[in-house]
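Working notes, beginning with the structure itself.
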Amino acid sequence: MSFSAIMANPRKFSEKIALHNQKQAEETAAFEAILRDVSAATRPPQKQHLQLSQNITTQYRAGSLPNVNQMANNPGPINLQTAL
Amino acid sequence: MSFSAIMANPRKFSEKIALHNQKQAEETAAFEAILRDVSAATRPPQKQHLQLSQNITTQYRAGSLPNVNQMANNPGPINLQTAL
Amino acid sequence: SSPQQLSEEAARKRELRLLKNRDAAKECRRKKKEYVKCLENRVAVLENQNKTLIEELKALKELYCQQEG
Amino acid sequence: SSPQQLSEEAARKRELRLLKNRDAAKECRRKKKEYVKCLENRVAVLENQNKTLIEELKALKELYCQQEG
DNA sequence: ATGGGCTGACGTCAGCCAGA
DNA sequence: TCTGGCTGACGTCAGCCCAT
């Protein structure tokens, strides 16, 4: 009870970052899972290439996430819309 | 082009807050709309008491629960209209 | 205009500038703190919306599969 | 231990403490900046995920209504 | 082009708190 | 208990950018 309340709002910035990264990893996993399930349920006859999504997941897993500011300035070929 | 890129990342904190509030309002509207549509499409034969859900929805904008920490620090709703 | 008055005027100018920048720094820190809280609140809202959408999508998928099969 | 050595020792103690706190402040500001960028990235990711989920939910709802009616 | 408003970064002080 | 590590808040300097 108090344990969760304490760890839910740590004091150190490192712990906050770690907590957010952990939550984001879990949410992204659930997101891709439900998206894959829906795609599988919607289009069963078609065999599709979901290799792209897998690569991006392993790409940004343990490292730093893409910087938004740099993405706004750089017209890079990678955007989150097509990535997800 | 450059206009959007500039306004997408303002310098002043007030503009950043205003932008985030605007985006949040739009996203919340779309969220509630799709949720209402899905509920209406899923359960048309049943007549349900959605009056309660409506009240709660108008009280807290999204399906999000109120943040306890911020409610303790902020005595009242901050209006950012006057801040600009 | 004696050099004495000039130095006093410059000193008052500097003091006034420091005072204004002092208050500006206070307000800037306050706005930054508010911005960070805004970000955290936005993250929480999006998080709950994400969960709700996933649950709704899952339920609708179940209904769709049940009706289909 | 003469008072001269005592004052020098205290001065070196203070200077060392200030130096360590100085570096600590630098690292703290760096971590805070990284945390804010983390929040902004997280907001962007959740934003795109919610958009995708809404689109998928809308499409699935259309399929469900089409198949039902 | 020049001043003034905001903000980034620095060093310092004060305070909290897990760990010695 | 009490110190050392982090962080909140302050004042100051430097610099950017927009309105003048």
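Here is the naming used below: chain letters follow the sequence lines, and residue numbers restart at 1 for every chain.
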Side chain of C/L18 only, please: which of F/dT12, F/dT7, E/dT7 is the nearest?
F/dT12
Sorted by chain and residue number, the side-chain hydrogen bond (donor to acceptor under 3.5 Å, both in side chains) partners of C/E15 (sequence neighbours excluded) come out as none
Between P of E/dG8 and NZ of D/K32, the distance in whole Å
11 Å
Short N-O contact, C/R42 and C/E47, less than 4.0 angstrom
no
Using salt bridge (Lys or Arg N to Asp or Glu O under 4.0 Å) as the criterion, list what pairs up with D/E62, not counting sequence neighbours.
none
Could I get the full list of side-chain hydrogen bond (donor to acceptor under 3.5 Å, both in side chains) partners for C/R12, not counting sequence neighbours?
C/E9
Identify whether any heavy atom of D/R14 sits under 4.0 Å from a base atom; if not, whether one sits that close to sugar-phosphate; answer base, sugar-phosphate or nothing.
sugar-phosphate
Rounding to a whole Å, what distance do you find between C/L16:CG and E/dG5:P?
10 Å
Determine: side-chain N/O of D/K26 to OP1/OP2 of E/dA9, distance under 4.0 Å, yes or no.
no
When the distance from CE of A/M7 to P of E/dA18 is rounded to whole Å, what number comes out?
11 Å
In whole angstroms, the gap separating C1' of F/dG5 from CD of A/E15 amounts to 12 Å
Most 5' of C/A25 and D/R17 on DNA chain E, judged by nearest nucleotide:
C/A25
Just the rounded figure in Å: distance from C1' of F/dT7 to NZ of D/K20.
16 Å
Quick check on F/dC10: is either OP1 or OP2 less than 4.0 Å from any side-chain nitrogen or oxygen of C/R29?
yes
Strictly under 4.0 angstrom, non-hydrogen atoms only: write out the protein contact profile of nucleotides 15-20 of chain F, one letter per nucleotide from the 5' end, B, S or -.
BBS---
Counting only side-chain nitrogens and oxygens, does C/K33 get under 4.0 Å of the OP1 or OP2 atom of F/dA9?
yes
Rounding to an integer number of Å, can you tell me how far C/D23 CG sits from F/dT12 P?
11 Å
How many whole angstroms separate atom OH of C/Y35 from atom P of E/dC6?
18 Å
Does F/dC10 have OP1 or OP2 under 4.0 Å away from a side-chain N or O of C/R22?
no
Whole-Å distance separating the CD atom of D/E15 from the P atom of E/dG11
12 Å
Using heavy atoms to find the nearest nucleotide of DNA chain F for C/L19 and D/K31 separately, return the residue whose nucleotide is more 5′.
D/K31
Among all residues two or more places apart in sequence or in another chain, which pass the salt bridge (Lys or Arg N to Asp or Glu O under 4.0 Å) test with B/K16?
none
Pair C/E34-B/S14, side-chain donor/acceptor within less than 3.5 Å
no
Under the side-chain hydrogen bond (donor to acceptor under 3.5 Å, both in side chains) test, residues paired with D/E56 that sit two or more places apart
none
